[in-house]
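Contents: one structure, followed by commentary.
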Amino acid sequence: MPPPHSSGAAAPKARRLARSILSTTTRTATELNQHFRELTELLHSTHPPLFVPRVPSVTCSGQRRQQQLLLLQKIQSRADKITIVYHNPEQQPDEGREEPNNTAANRTYGTTPGETILTLLDIVYPDDDDVGGSSRQRRPTGSFMDAGSGQGIPALAAALSGKFDLARGIEFEPAWHESALAVQQAYYDDREETPPPPPCRLEYDCADMTDTKSFQGASCVFSNCVLFDSALSHGLSARLEEDLGGQANQQGDEDIFVVTMSKRMALPSFDLVDVLSLNANGGLFTFYVNRLSRPWADSKSSSSHFHATSDSEAMRALRSEANEFDELVELALRRSDARVGMGFLIALAASEPSIRSLGSNVRLLTRLTESLDMSADLHIKALASMLLRAMSDHPTGRRSINRNEELVGRIVALVANSEEHSAIRTNLLDVVGNLLHDSSLESVFRPDTGHGLETTLEEIVKTSGDHSSLIEAAEEVIAMRRWWEGHQRSVSQIGGFDSPNSQRLS
């Protein structure tokens with residue numbers, strides 16, 4: 001017999017509790033509170049672990065894979081003979097070519113093996129028999145795109161995978177682009193050796209990835225963005241959101257993926273659906289697989305075999321009827337016992353798809369703003385800080401918070417209040433640290449605004465010796481703030497990269 005909260009039992013139990021809460025026969029506050037407590041406990045007990053990378057077990061072997069790997073090796077060996085002349089940022093740019101803020105970190109090139117890309121694509125686009133269908137390879141209708149393609153190997157691997165009709169790379173550095181063109185030529189020279197299905201087109205562009213619309217029409221975008229600075233990370237995120245975020249209606253049920261390394265970018269329109277540990281840059285790195293969200297689509301009817309890593313069957317059961325989900329949220333907001341209502345909302349906020357509904361709820365954001373008033377009850381402020389912390393774990397929640405200036409102002413004011421409980425200040429500093437993944441929060445750091453968060457952080461680090469969690473949270477905010485100011489880890493501290501000042505590491 002499965003345990004009471006196993007995946008098979010959780011969904012019907014969640015629906016049963018939701019119906020009991022919404023039933024007109026459930027009238028007493030005691031009954032409602034009890035049902036809410038049971039549902040909250042169910043959501044907590046079935047919540048999956050977040051952000052834990054897994055070593056994938058999916059491997060493709062056999063003659064076709066061997067052909068792919070041999071071709072990869074053969075084509076790459078030609079490109080390796082090309083002498084790379086690094087671009088000197090002090091030189092004048094080519095006439096008519098606008099030079100962006102192309103820092104040394106942004107020009108540092110990490111190598112992603114072709115075999116890693118083939119493994120990644122086998123996971124994202126498995127054969128149909130791997131997901132319960134007939135033995136047929138899944139092919140997206142859009143293209144594969146490598147943002148920051150360097151020598152061009154990821155796009156080459158995608159072309160050899162047989163899963164795309166077009167694989168493209170975009171790279172700003174002319175020297176790396178020239179090397180990629182050698183890869184492209186070798187690919188077409190060996191066309192007759194490419195295993196079926198027929199090879200896709202392989203293209204490389206020398207351009208700035210942040211001001212091009214080349215991502216439009218892509219089904220899968222990959223980026224080895226380990227050392228991208230804040231400006232490039234933010235610019236790429238904004239471009240991906242603009243080019244891909246509105247494509248769900250155009251491409252129906254087909255999935256659109258963005259895969260980034262080491263950092264999850266600010267992509268509020270996407271759900272995190274897998275976290276993988278794969279070989280790249282001379283070691284194991286974390287790959288974040290994001291899929292464009294389709295909140296209107298019933299998960300049961302979706303053709304996707306992916307669900308958000310933060311989601312559960314119990315959570316999906318509550319969202320299966322949008323109106324009922326919204327009614328549950330409204331009832332929770334009206335609970336006179338805040339521990340019951342807010343506790344339920346905190347459990348909901350663990351799920352990224354559920355946050356999409358919570359983040360657009362004006363009444364909830366107003367309630368959170370009111371709960372962070374200096375004079376509010378301690379328990380109310382504590383619960384509000386916990387809910388905000390859960391929401392800020394995901395890009396869609398961070399965007400909702402960032403857009404509410406009054407709410408951000410209340411968060412900063414409580415952080416600056418040295419008389420406030422340290423646990424509340426720690427939670428809210430965690431929120432600020434999360435917000436800094438997507439926004440510089442310049443308005444709350446500038447002294448002329450009256451907030452002076454920079455000074456507050458310094459005081460916390462100096463005077464909060466008995467509160468290690470508070471200091472740790474403050475130091476994380478300081479680190480993220482320095483990232484926005486252009487500070488980077490030294491390239492020499494990280495192996496497996498090519499840079500203007502280092503030898504190539506194989």
Side-chain angles (χ1 to χ4, degrees), residues 230 266 333 337-343 345-346 349-350 355 358-359 364-395 397-487:
S230 59
L333 286 170
D337 187 339
R339 290 172 297 181
V340 172
M342 293 289 276
L345 296 175
I346 291 169
I355 292 174
L358 295 179
L364 170 62
L365 295 175
T366 300
R367 173 75 174 275
L368 287 171
T369 303
E370 294 170 349
S371 299
L372 295 185
D373 187 84
M374 291 283 191
S375 60
D377 178 80
L378 178 65
H379 290 93
I380 297 295
K381 286 187 285 190
L383 289 166
S385 71
M386 293 169 65
L387 178 51
L388 285 166
R389 191 181 186 283
M391 291 178 65
S392 70
D393 275 338
H394 304 285
R398 293 197 283 270
R399 171 172 285 189
S400 298
I401 297 170
N402 261 322
R403 285 177 170 175
N404 192 314
E405 292 184 10
E406 186 179 2
L407 177 55
V408 172
R410 292 283 178 91
I411 291 171
V412 174
L414 281 186
V415 167
N417 181 11
S418 60
E419 300 299 317
E420 188 55 74
H421 196 286
S422 62
I424 294 175
R425 296 178 80 195
T426 300
N427 280 339
L428 295 179
L429 272 175
D430 285 340
V431 173
V432 173
N434 282 338
L435 296 182
L436 281 168
H437 282 85
D438 300 354
S439 170
S440 66
L441 296 182
E442 194 63 33
S443 63
V444 303
F445 277 97
R446 290 201 312 266
D448 59 335
T449 64
H451 294 306
L453 188 55
E454 202 86 61
T455 302
T456 298
L457 293 171
E458 294 174 1
E459 292 175 351
I460 289 174
V461 173
K462 291 178 181 178
T463 63
S464 303
D466 294 334
H467 303 289
S468 58
S469 296
L470 181 60
I471 294 175
E472 184 179 339
E475 289 176 339
E476 176 62 24
V477 173
I478 291 171
M480 289 301 300
R481 173 63 174 167
R482 286 173 60 81
W483 182 64
W484 277 101
E485 292 174 337
H487 293 272

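Residue numbers run from 1 in the order of the sequence given. Here the structure is a predicted model, which is why all the values come from computation and not from measurement.
No more than 12 heavy atoms of other residues, nucleotides or ligands sit less than 6.0 Å from atom CD of E472.
Shown here are the side chain to side chain contact (heavy atoms under 4.5 Å, CB included) partners of L333, two or more places apart in sequence or in another chain: V329, E330, L345, N361, R363, L364, R367. Scanning for side chain to side chain donor-acceptor pair (under 3.5 Å) contacts around R425 gives an empty result, with sequence neighbours left out. A search for side chain to side chain contact (heavy atoms under 4.5 Å, CB included) contacts involving E459 returns T455, not counting sequence neighbours. Annotation: salt bridge (Lys or Arg N to Asp or Glu O under 4.0 Å) contacts of R339 (sequence neighbours excluded): D337. Take A266 and apply the side chain to side chain contact (heavy atoms under 4.5 Å, CB included) test, not counting sequence neighbours, and it matches S237, D438. Partners of E406 according to the side chain to side chain contact (heavy atoms under 4.5 Å, CB included) rule, which considers only residues two or more places apart in sequence or in another chain, are T369, N404, R410. For D373, the side chain to side chain donor-acceptor pair (under 3.5 Å) criterion is met by S375, not counting sequence neighbours.
For the residue pair V477 and F445, the shortest heavy atom distance occurs at CG1-CZ, 4.0 Å. Shown here for S371 and A376, the closest heavy-atom pair between the two residues is O-CB, 3.4 Å. Nearest approach of G359 to L365, heavy atoms of both residues: O-CD1, 3.5 Å.
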Pairs of donor and acceptor atoms involving the side chains of residues 426-433, under 3.5 Å and at least two apart or interchain, shall be tabulated with distances.
residue: T426; atom: OG1; partner: S422; partner atom: O; Å: 2.7
residue: N427; atom: ND2; partner: S385; partner atom: OG; Å: 3.1
residue: D430; atom: OD2; partner: R389; partner atom: NE; Å: 2.8
residue: D430; atom: OD2; partner: R389; partner atom: NH2; Å: 3.2

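From R398, atom CZ reaches atom CD1 of I355 across 9.5 Å, with rounding to the nearest 0.5 Å. Rounded to the nearest 0.5 angstrom, L453 CG and E458 CD are separated by 10.0 Å. Taking CD of E420 as the start and NZ of K381 as the end, the distance is 3.5 Å to the nearest 0.5 Å. The distance from the CG atom of L457 to the CD atom of E476 is 11.5 Å, given to the nearest 0.5 Å. The CD atom of E475 lies 12.0 Å from the CZ atom of R482; values are rounded to the nearest 0.5 Å. Taken from OG in S440 to CE in M480, the straight-line distance is 11.0 Å, to the nearest 0.5 Å.
Side chains of V412 and T456 form no contact here, defined as non-hydrogen atoms less than 4.5 Å apart. Residues V461 and I478 meet the side-chain proximity criterion, which asks for heavy atoms closer than 4.5 Å.
A salt bridge between R481 and E442 is present, with a side-chain N of the basic residue lying under 4.0 Å from a carboxylate O of the acidic one.
Between the side chain of S392 and the main chain of L388, a donor-acceptor pair closer than 3.5 Å is present.
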